[in-house]
Each structure stands twice: as C-alpha cells, then as structure tokens.
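In what follows, every heavy atom counts, from backbone to side chain, and hydrogens, waters and symmetry copies are set aside. Counting starts at 1 for both ligands and their atoms, following the listed order.
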Amino acid sequence: MSDMLLVLNAGSSSVKFALYAAHAEPTVEQLICEGGIGSIGHRPHFKVVDRDGGAVHDDYLAEGASHDDAIATLIGWIEQRFSDQRLAAVGHRVVHGGDLFDAPVRIDPDVVAKLRRFTTLAPLHQPHNIAAIEALAKQHPTLPQVACFDTAFHHRLPPVATWFALPRELTAQGIRRYGFHGISYEYIAGALPGVAGSAIAYGRVVVAHLGAGASMCAMRARKSVATTMGFTALDGLMMGSRTGVLDPGVVLYLLEQKGMTPAEVSDLLYRQSGLLGVSGISDDMRTLLASDDPRAEEAVALFVYRIGRELGSLAAALGGLDALVFTGGIGEHAAEIRRRVCKQAAWLGVTLDAAANAQASGAARISIADSKVSAWVIPTDEDLMIARHVWRLVEGGRIAD
Ligand SMILES: Nc1ncnc2c1ncn2[C@@H]1O[C@H](COP(=O)(O)OP(=O)(O)O)[C@@H](O)[C@H]1O
Ligand SMILES: CC(=O)OP(=O)(O)O
Ligand SMILES: [Mg+2]
C-alpha cells in the first residue's frame with residue numbers, strides 16, 4: 001500500500017487541501033489532487049481538481065456545516081476515493097509560531113497549547129489552523145501531524161528589523177515584528193536560482209506576496225532581512241480587507257473618541273478595511289479592476305502606492321535592489337497591478353517589458369533584458385513547501401506512527 005501526504009490550509013471560511021503521493025520527496029508531479037471546502041458556515045462547497053485542473057469532485061455539504069464537519073468529510077472522501085493507499089501524515093499551515101517555533105514540528109498536545117498563545121495575534125487564521133489540527137487528532141489520533149509556520153522563515157531577521165520603539169520590557173515579552181507568509185517566501189527563495197539565476201538569487205531581492213493577505217520580504221542571499229508584516233498579519237501593506245500599517249493614534253481615537261470596543265476595532269481593521277473599506281465595493285482585485293467606479297480606482301491607487309512606499313523602505317534595508325518578484329493571487333495574475341508597481345519603481349531601475357508582463361503565465365521575467373533591476377513573476381506553492389517539510393520529518397524518522 002503506497003503512502004500519501006495531506007496538506008491542509010485552514011482559513012476563516014475554508015479548508016484548502018493538497019494531496020501528494022509520498023513515494024519520494026514531493027514534487028509538483030506528485031500532486032494527486034487539490035481543492036477545498038469553501039463557504040464553511042453557509043453552504044460549504046467541496047471542490048477537487050487533479051494536477052491539470054480537471055474536475056475530480058464537486059459537491060455541497062449540509063447548510064451550516066462546521067470546520068469539524070468539513071475535515072471529517074474531506075478525510076472520509078480521501079479514504080474512500082483512495083482506499084488502496086495510506087494517509088501517512090498531514091501537514092498544516094499554521095500562521096503564527098511566535099518566538100517558540102523556528103522550524104516545522106510534529107504536533108502533540110503541548111504544541112497545540114503553545115499555538116493557542118498566538119490566537120489573538122492572528123485571529124483570522126490561528127483559531128482555524130488549530131481547529132483543523134484538533135478535528136483530525138480527534139478523528140484520527142494516531143495520524144502524524146506536522147505544523148509549518150508562516151513566521152519561521154523570518155526567525156533570523158536582524159534584531160534591529162524586529163524591534164518596535166517600545167520600552168525594553170515589552171520587547172522582552174515578545175512584542176516585536178515576526179513577519180508572515182514565510183512558507184511562501186521559503187518556496188520562492190528555493191525557486192529563485194532556477195528561475196532568475198544564482199547571481200540574482202544570492203543578491204538583493206524583494207518578493208511581493210500580493211493576495212487577499214499581502215506582504216513583502218527583503219531577502220539577501222535568499223534569507224529574510226526585513227518584511228512588512230509585523231507582530232500580526234495586520235501590519236504593512238494595504239490588503240483585501242485589512243488596513244496594513246496604521247498610525248497607532250487612530251486606534252486610540254477609535255477607542256477613546258468614537259467609543260468603539262476593542263472587538264469592534266479589531267473587526268474594522270481586519271475585515272472592513274483595505275480594498276473593501278476604501279472602495280466600498282469589494283475586497284477582490286478582479287472586481288475593482290473591472291469597475292469604472294472612481295472609488296475602485298482610488299482603492300487600487302492606494303494599494304499600489306503603499307507597495308511603492310514599502311518597496312523603497314525594503315530597498316533601503318538591503319542597501320539597494322537587484323530584483324523584484326511578484327507572487328500570490330494578485331502578483332501572479334494581475335498584470336495591471338504589476339505594470340503600475342513597476343512604473344512607480346522606475347526610480348529604482350525597474351524597466352518593465354510590457355509585452356512580457358501582459359502575457360506572463362507561470363514563472364517569467366517581466367522586465368526588459370538590460371533593466372538595472374529585473375522584475376519577475378514566480379507562482380508560489382505553499383502546499384508543496386509544507387508537503388516537503390512533512391516528508392523530511394517523516395523521512396528523517398522524526399515521525400513515528
Ligand atoms: N486573474 C486575477 N486578476 C486579478 N486579481 C486576481 C486574479 N486572480 C486572483 N486575484 C486576486 O488574488 C486574491 C487572492 O489571492 P490569494 O493569494 O489566492 O489569496 P489568499 O491571501 O487568501 O491566499 C483575490 O482576492 C483576487 O483579488
Ligand atoms: C498571513 C496572511 O495574511 O495569510 P493569507 O494571505 O493567507 O491571509
Ligand atoms: Mg495566502
């Protein structure tokens with residue numbers, strides 16, 4: 001009976017998954033199928049596609065089905081569909097590992113207890129990451145589970161890049177910049193030599209992970225030296241529904257002058273702001289780019305402007321820039337956003353190849369051949385990165401059934 005590895009990325013309203021054959025270290029070719037159960041809490045939609053995007057399964061769960069129901073349905077479907085194969089281990093994307101976890105780890109009750117400490121620092125993600133872990137542990141107590149952390153890739157940031165200008169005792173308590181999207185950045189760092197060549201890969205590179213959640217990371221020789229997200233995944237860039245960086249005085253004003261509760265402020269900053277809040281239309285870049293509403297244009301303009309400001313800051317942290325990489329749903333698919341960002345970065349030496357940008361599909365250079373700073377699109381693959389970590393832990397014998 002051959003083995004499979006399951007990767008889960010549990011979010012606020014979805015459980016995304018990828019299933020890999022585990023006869024060797026996972027590669028794209030070993031992807032068996034992927035998909036997810038979305039709209040959890042409403043009428044959950046269970047969709048699965050094969051490696052080529054062909055439909056494998058399309059069904060709905062009962063109205064109001066929970067995350068636990070979704071996990072049970074997914075595992076049941078896998079066991080029934082692949083009854084001649086064994087699920088050897090499960091890897092989870094866990095957004096916040098704080099200062100406790102700098103590498104993937106086998107999950108046990110002690111690890112779960114530690115993960116809970118960071119729930120308030122990642123309210124959109126951590127509770128659901130933990131819910132998926134606990135649902136699986138309850139339903140399949142002997143199934144090895146591994147946690148891979150968004151924060152781990154940034155664990156060796158220069159100390160000065162982690163400090164807030166707060167009293168020392170608060171910094172000592174862990175109130176500092178952690179950084180996120182690290183699984184994505186780790187994958188891009190691994191892909192850079194093959195896509196852009198070693199000279200660039202080991203140079204000064206800023207990677208822009210532009211999705212519903214968005215951040216940027218300054219890398220030198222493929223190591224994180226600065227990043228836009230901070231203590232939480234609320235900081236940095238303007239995002240689909242999140243503010244990004246905000247004058248902390250605004251929070252005090254909302255609490256003290258507007259009489260909002262902390263919970264109301266949290267909901268405002270995490271779920272009602274960003275592209276959604278500024279446009280008053282949508283958090284989805286596709287909708288805003290297709291809209292002729294002036295508010296949509298203002299939201300897109302601010303989104304691009306904030307990227308430009310952070311790019312300048314990250315180039316300063318690097319002492320210059322050799323390459324700019326776009327990834328994430330917007331970074332990989334929105335040529336218009338890439339065009340605007342690169343135009344705004346002309347002062348840094350980025351010269352866009354308009355045709356290459358318009359037709360980019362998969363990994364591609366989108367700057368002209370002799371651009372002082374090259375620009376690239378590299379699709380990320382957080383699931384594959386997690387599957388590789390699970391394999392290395394299992395293969396290294398550090399996971400026993
Ligand atoms: N073809 C496209 N054109 C523009 N934006 C796109 C396109 N496809 C996806 N997106 C954007 O990518 C976002 C999702 O990015 P993704 O990285 O998948 O999100 P998440 O942060 O949830 O992982 C969507 O909100 C949408 O705005
Ligand atoms: C950390 C974060 O914001 O993740 P996502 O982009 O998946 O929301
Ligand atoms: Mg994402």
So which heavy atom in the protein is nearest atom 3 (O) of ligand 2, and how far is it from that ligand atom?
-> Arg242 NH1, 2.8 Å
So between Lys16, His181, His96, whose heavy atom ends up nearest atom 6 (O) of ligand 2?
-> His181
Check ion pair Lys138-Glu134 (N to O, under 4.0 angstrom) | no
How about Thr380 and Ser184: does a side-chain donor come under 3.5 Å of a side-chain acceptor?
-> yes
Partner of His154 under ring-ring contact (aromatic ring centres under 6.0 Å, His included), chosen from Phe149, Tyr185, Phe101, Phe180 | Tyr185
Please walk me through it: do Asp102 and Arg156 pass salt bridge (charged side-chain N to carboxylate O under 4.0 Å, His left out)?
-> CA-CA 9 Å; Asp102 64 353; Arg156 289 165 186 80; 3.3 Å; yes
Could you tell me whether Glu382 approaches ligand 2 through its side chain, its backbone, both or neither, with non-hydrogen atoms closer than 4.0 Å?
-> neither
Provide the number and element of each atom of ligand 2 under 4.0 Å from a heavy atom of Asp150.
-> 1 (C)
Is it possible for you to check whether Arg242 lies under 6.0 Å from the centre of the six-membered ring of Tyr270, through NZ or CZ, and within 45° of that ring's axis?
-> no
Please say whether His125 places an N or O atom under 3.5 Å from an N or O atom belonging to ligand 2.
-> yes
Closest approach of Glu382 to Ile183 (non-hydrogen atoms, all atoms of both residues) | O-CG2, 3.7 Å
Intermediate values then yes/no, salt bridge (charged side-chain N to carboxylate O under 4.0 Å, His left out), Asp235 and Arg177 = CA-CA 9 Å; Asp235 195 13; Arg177 182 179 297 280; 3.1 Å; yes
List ligand 1's nitrogen or oxygen atoms that come under 3.5 Å of a protein nitrogen or oxygen, with the partner atom and distance.
from     : atom 1 : to     : atom 2 : distance (Å)
ligand 1 : 12 (O) : Ile330 : N      : 3.4
ligand 1 : 17 (O) : Gly329 : N      : 3.0
ligand 1 : 19 (O) : Ala212 : N      : 3.4
ligand 1 : 21 (O) : Ala212 : N      : 3.0
ligand 1 : 21 (O) : Gly213 : N      : 3.1
ligand 1 : 27 (O) : Asp284 : OD1    : 3.2
ligand 1 : 27 (O) : Met285 : N      : 2.7

Examine the proximity of ligand 2 to Arg93 and report which part, side chain or backbone, both or neither, has a heavy atom under 4.0 Å away.
-> side chain
Within 4.0 Å of some non-hydrogen atom of Met229, the atoms of ligand 2 are 3 (O)
Criterion side chain to side chain donor-acceptor pair (under 3.5 Å) on Ser39 and His45, from CA distance to verdict = CA-CA 6 Å; Ser39 306; His45 189 191; over 6 Å; no
Ligand 2 contacted by Met239 (non-hydrogen, < 4.0 Å) | no
So do the side chains of Ile386 and His92 get within less than 4.5 Å of each other, counting heavy atoms only?
-> no
Of all pairs that satisfy side chain to side chain donor-acceptor pair (under 3.5 Å), the ones with a partner from residues 339-356, not counting sequence neighbours = Glu297-Arg340, Glu336-Arg339, Glu336-Arg340
